[in-house]
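What follows is a set of notes on a single structure, which appears directly below.
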Amino acid sequence: MRSLIACLPLMAVLALVAGCDKAKPPAEQAAPTTTGPAPAAGPEGSHLDRSHKGMALPALPFAAPGGAPATLGAYRGKPVLLNLWATWCGPCIKELPTLDALAAHAPGGLAVVAISQDSGGDKQVAPFWRQKGYKALVPFTDSRMGLMTALQADVLPTTILFDARGKEVWRLTGGKDWTSREAAALLAEAR
């Protein structure tokens, strides 16, 4: 029993290091699982997947800060980089500053939309947002994870590029530096 207790701190550290696709979120946060072709491996532990190409931008509602309803239809006619993330997801938190920087200087009218999948919604996300000091991104929330289900996303972070017609170009699971040259080349595919 003592050896088990001694191992608990090590097990906790290993769970944190493993990332969001390995650690299980709380039961009320459990994401849907899907099957399909394995995505291609990319740098930074990310996986680029083009198997959903042509899938339409979902019309499901989510919440703007303060709880007002919002939809992705507000970005009609613009390319959209949709990022699904959560406050408990290490890789998500690591990439958010680069998404904020991209949103501040987005090329070609690109809309960068980050939507939290935290079950606590605005009450959970707003204090986190203020603490981190993000400026260009808007802290949208989807506490029921409807977008994750509709988009068949089972890992956080998941980032999906939609072209100006509202059709999926690719999706990337895992963290990414959205200010890198490689990211710029991927984003150029929305044109």
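Counting all heavy atoms, side chain and backbone alike, Pro61 lies closest to Asp142 at O-OD1, 4.5 Å. Nearest heavy atoms, Gly174 versus Glu95: O-OE1, 4.0 Å. Smallest separation of non-hydrogen atoms from Arg171 and Leu151: NH1-O, 2.6 Å. Shortest non-hydrogen contact noted between Ala104 and Ala136 is N-CB, 3.5 Å. Counting all heavy atoms, side chain and backbone alike, Thr71 lies closest to Ala59 at CG2-O, 4.0 Å. The two residues Ala111 and Tyr75 make their nearest non-hydrogen contact at CB-CD2, 3.5 Å.
Around atom CZ of Arg50, more than 12 heavy atoms belonging to other residues, nucleotides or ligands sit under 6.0 Å away.
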Quiz prompt | Steps toward side-chain contact (heavy atoms from CB on, under 4.5 Å) verdict (Ile115, Leu147) | solution = CA-CA 9 Å; Ile115 304 177; Leu147 288 170; 3.4 Å; yes
Quiz item: Between Ile93 and Phe128, does a side-chain contact (heavy atoms from CB on, under 4.5 Å) hold up when you go through it step by step?
Solution: CA-CA 10 Å; Ile93 294 167; Phe128 171 85; 3.8 Å; yes
Exercise. Go through the steps for Leu156 and Trp88 under the test side-chain contact (heavy atoms from CB on, under 4.5 Å), then give the verdict.
Key: CA-CA 10 Å; Leu156 292 178; Trp88 48 262; 3.9 Å; yes
Quiz item: Under the side-chain contact (heavy atoms from CB on, under 4.5 Å) criterion, do Lys167 and Leu57 qualify, and how do the steps go?
Solution: CA-CA 6 Å; Lys167 300 295 182 184; Leu57 192 71; over 6 Å; no
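With values rounded to the nearest 0.5 angstrom, Leu102 atom CG is found 10.0 Å from Thr159 atom OG1. Gln117 contributes atom CD, which lies 4.5 Å from atom CG of Leu84 (distance to the nearest 0.5 angstrom). The structure places OG1 of Thr141 at 12.0 Å from NZ of Lys123, a figure rounded to the nearest 0.5 Å. The CG atom of Leu99 sits 13.5 Å away from atom NZ of Lys94, with the distance rounded to the nearest 0.5 Å. Distance check: Met145 CE to Leu60 CG gives 13.5 Å after rounding to the nearest 0.5 Å. The line from CG of Leu137 to CG of Asn83 is 8.0 Å long, rounded to the nearest 0.5 Å.
The closest side-chain heavy-atom distance from Pro58 to Leu72 is below 4.5 Å. Side chains of Pro157 and Cys89 form a contact here, defined as non-hydrogen atoms less than 4.5 Å apart. A heavy-atom distance below 4.5 Å is found between the side chains of Thr87 and Gln124.
Of the options Ile160, Leu186, Asp49, a side chain to side chain contact (heavy atoms under 4.5 Å, CB included) to Trp170 is made by Leu186 and by none of the others. Only one option out of Val112, Leu96, Asp100, Thr98 pairs with Trp178 in a side chain to side chain contact (heavy atoms under 4.5 Å, CB included); it is Thr98.
Using a 4.0 Å cut-off between a side-chain N of Lys or Arg and a carboxylate O of Asp or Glu, Glu189 and Lys53 do not qualify as a salt bridge. Classification of Lys176 and Glu182 as a salt-bridged pair holds, one side-chain N sitting under 4.0 Å from a carboxylate O.
Every pair passing ring-ring contact (aromatic ring centres under 6.0 Å, His included) that includes a residue from residues 133-159 is listed here, sequence neighbours excluded: Phe62-Phe140, Trp129-Tyr134.
Listed by chain and number, the residues in a salt bridge (charged side-chain N to carboxylate O under 4.0 Å, His left out) with Asp122 amount to none (sequence neighbours excluded).
Using modelled atom types, no side-chain atom of Asp118 and backbone atom of Gly121 make a donor-acceptor pair closer than 3.5 Å.
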